[in-house]
Amino acid sequence: MAAQAKHDWADDEDLDETTQTTADLPPPQKINNKDGSTTIIEYRLNDNGQKVKTTRRIRFITHREVVNPRVAERKSWSKFGLSAKDGNGPAPDTTSVGENIIFKPSVNWRKDAKDEGKDPNAQAMKDKLKDKKVKCRICNGEHFTARCPYKDTMAPIGEAGAAADVAAGMGDDGAGEAAGVGAAGAGKKGSYVPPALRGNRAGGAAGESMGGSKYGERDDLATLRVTNVSEMAEEGELRDMFERFGRVTRVFLAKDRDTGLAKGFAFISFADRSDAVKACQKMDGWGFKHLILRVEFAKKTA
Amino acid sequence: MRPILLSGHERALTQVKYNRDGDLIFSVSKDQQICVWFAHNGERLGTYHGHVGAIWTIDIDPTSTIMASGSADNTIRLWDIKTGKNLKTWEFPTAVKRVEFNEDGTKLLGVTEKRMGHLGTIVVLDIKVDVEAEQSDEKALTIVCDESKATVAGWSYLSKFIIAGHEDGSVSQYDAKSGDLLYNIAIHELDCPITDLQWSQDRTYFITASKDKSAKLVTAKDLEILKTYVSDTPLNSATITPKKDFVILGGGQAAMDVTRTSARQGKFEARFYHKIFEDEIGRVRGHFGPLNTVAAEPTGKGYCSGGEDGYVRVHQFDKGYFDFMYEVERERQNRLNQQQQSTA
């Protein structure tokens with residue numbers, strides 16, 4: 001902006017000078033190479049007044065195409081009707097070139113098309129999880145906690161250590177934090193706790209797949225409601241934006257089931273309420289993808 | 001591939017057609033004009049004026065000298081392709097929905113609409129493929145379709161039969177000389193009109209498209225269904241690609257039906273199926289309305305499609321299209337290559 005503001009009509013005079021100086025530039029050169037190609041060297045001044053040398057090597061290849069004589073004859077026909085006044089070559093008002101389409105027939109094109117859509121996300125996730133091992137925080141087995149066969153009968157082992165293990169297990173720092181806090185309140189280890197009472201623990205991991213609202217409430221104190229989100233938004237983008245203010249435990253972007261486009265609102269949960277306050281202040285009115293975000297604290301659902 | 005967009009029409013396209021050599025594309029639409037384009041760069045050669053109603057159909061004689069068009073103004077007109085001159089006009093009591101030249105261009109059939117007390121008919125006209133010649137006024141033959149009106153029709157190999165597709169989803173075979181009905185077979189679901197009928201290069205079999213969301217490959221001799229291609233949308237057009245064993249289907253939810261269906265996406269894509277294995281092998285996006293017509297280039301290098309959106313899109317296939325082969329096809333090719341090497 002500053003550079004633009006400085007621009008002044010008076011500066012325009014400089015242009016005349018530069019056009020004069022082009023006369024000082026060395027004349028363009030043309031060299032015929034031994035291999036049949038031509039080297040063209042040209043000089044010009046760029047916007048900063050610096051001399052730029054452009055060297056191009058060009059080879060002319062005559063491409064011969066055999067055309068049916070009938071077709072060749074028709075190419076010489078004169079135009080008529082509405083096109084009678086058009087010059088040679090396609091007229092821009094009737095003919096244009098569309099955007100490139102990649103069409104590759106394939107037996108399982110349907111699957112390919114889907115993979116392509118998923119790919120960037122899947123790849124990023126893979127990279128993230130590359131050096132992390134899956135570890136169940138209930139039985140320490142090599143599976144996700146949500147998949148643990150003892151999920152309903154055992155409480156997580158090692159309350160203090162759990163948080164760290166879980167962080168590794170989920171590959172998602174935020175979820176681990178929430179679960180760790182919940183584990184402390186889960187009561188005596190080994191004793192049966194009905195799922196309804198295990199609600200807090202479920203907040204991060206298992207609860208997500210089961211629909212968190214049923215199993216205990218989320219910590220709405222540190223949850224922001226973001227509205228006026230662009231259709232093209234992705235959860236990852238939102239996470240990146242909000243992670244600057246602190247640890248984000250959950251990002252939920254409402255998406256249309258049929259089209260996969262965002263519906264225009266999202267919830268961002270922070271681990272810490274103070275981070276959420278900071279984010280709310282900073283991000284309210286933030287421009288994101290042609291729209292201005294509106295950020296406020298989520299209201300508790302009735 | 002980069003499609004070429006032809007925007008010479010102001011209303012929905014009704015038919016696009018290549019000439020026999022594949023260098024010219026003819027397009028007709030409801031806006032009462034005919035456009036002819038060069039296929040290689042999309043340059044418009046000219047327009048033909050004279051019709052005073054929506055034009056439903058067009059066909060080009062095999063030598064690309066004259067062209068016939070059928071319109072809702074109840075006429076078939078014959079045109080000089082080179083100059084755009086209207087050579088001859090035949091009047092009919094109702095709209096003309098389909099015209100087609102036979103293999104040598106000496107006969108032209110026209111399908112007329114059933115309306116205002118008139119039954120649908122298929123008429124045959126004798127044509128002299130000469131710009132100067134006087135064309136006869138007389139109809140060589142009239143076939144009356146009293147059961148279900150014909151929507152599309154075409155000439156079989158050697159101009160032996162006239163094959164017609166009907167509104168009730170059946171196809172009939174008529175003797176092209178006498179006009180006698182030989183067979184009538186229901187191949188599509190009842191009361192799903194046949195929307196298109198296009199021939200293989202040798203005219204021994206043809207493909208039909210229907211509103212029942214399927215296309216069928218049928219023999220001309222005994223109307224035997226060879227293949228069925230099932231899609232998920234009503235079809236408006238189907239064509240057989242030369243060179244590669246594919247078929248291209250075009251369709252989409254009609255604008256008037258959109259509010260009655262749950263599908264949000266209109267499925268406005270050209271669908272490619274393998275002609276023999278009946279699998280869908282790909283789609284080409286681009287139109288933002290249903291595809292009303294598709295045509296394959298006679299040399300097999302490309303295809304074009306005309307949509308309800310008023311655009312014609314001309315596509316030239318990439319290498320990937322020509323390289324595509326099923327595993328069994330590839331094995332066979334390898335075997336043949338080996339045999340050739342061993343004999344050499």
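Lettering follows sequence order; numbering is per chain, from 1.
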Per-residue contact mode, B:Val36 against chain A (heavy atom under 4.5 angstrom): side chain
Shortest non-hydrogen contact between B:Phe324 and A:Ser106, atoms and distance: CE1-CA, 3.7 Å
Geometric class of the A:Phe80/B:Tyr48 ring pair [parallel <30°, tilted 30-60°, perpendicular >60°]: perpendicular
Spacing of CD1 belonging to A:Ile102 relative to CZ belonging to B:Arg285, to within rounding of 0.5 Å: 9.0 Å
Top contributor to chain B interface from A:Val97, A:Ile101, A:Asp86 [non-hydrogen pairs under 4.5 Å]: A:Ile101
Atom pair CD/NE2 of A:Glu65 and B:His40 - distance to nearest 0.5 Å: 8.5 Å
Contacting region of B:Phe272 [heavy-atom separation from chain A under 4.5 Å]: side chain
Minimum heavy-atom distance between B:Leu45 and A:Ser83, given as atom pair plus value: O-CB, 4.0 Å
Part of B:Asp323 within contact of chain A (heavy atom distance under 4.5 Å): neither
Atom of A:Thr95, atom of B:Gly42 and distance for their closest heavy-atom approach: OG1-O, 2.5 Å
Nearest-0.5 Å distance that lies between atom CG in B:Leu24 and atom CZ in A:Arg74: 5.0 Å
B:Ser7 (side chain) donor-acceptor with A:Thr94 (main chain) under 3.5 angstrom: yes
Gap between atom CD of A:Glu73 and atom NZ of B:Lys82 - 0.5 Å precision: 5.0 Å
Check: A:Leu82 main-chain N/O paired with B:Thr47 side-chain donor or acceptor under 3.5 Å: yes
Smallest separation among heavy atoms of B:Gly320 and A:Pro105, with atom names: O-CD, 3.8 Å
Straight-line distance of B:Phe38 CZ to A:Trp77 CH2, nearest 0.5 Å: 8.0 Å
Under 4.5 Å from any heavy atom of chain A - which part of B:Gln33: side chain
Between B:His9, B:Glu280, B:His274, the one whose heavy-atom pairs under 4.5 Å with chain A are most numerous: B:Glu280
Residue A:Asn100 versus chain B: region with a heavy atom under 4.5 Å: both
Interface moiety of B:Thr63 toward chain A, non-hydrogen atoms closer than 4.5 Å: backbone
Greatest number of heavy atom pairs closer than 4.5 Å to chain A - which of B:Ile4, B:Asn19, B:Thr83: B:Thr83
Per-residue contact mode, B:Phe277 against chain A (heavy atom under 4.5 angstrom): neither
B:Glu43 to A:Gly87 - nearest heavy-atom pair and separation: OE2-O, 4.1 Å
Minimum-distance pair of heavy atoms, taken over all atoms of A:Phe103 and B:Arg283: CD1-O, 3.7 Å
Salt bridge B:Asp318-A:Lys104, side-chain N to carboxylate O under 4.0 Å: no
A:Arg70 side, atom CZ; B:Asp21 side, atom CG - distance, nearest 0.5 Å: 4.0 Å
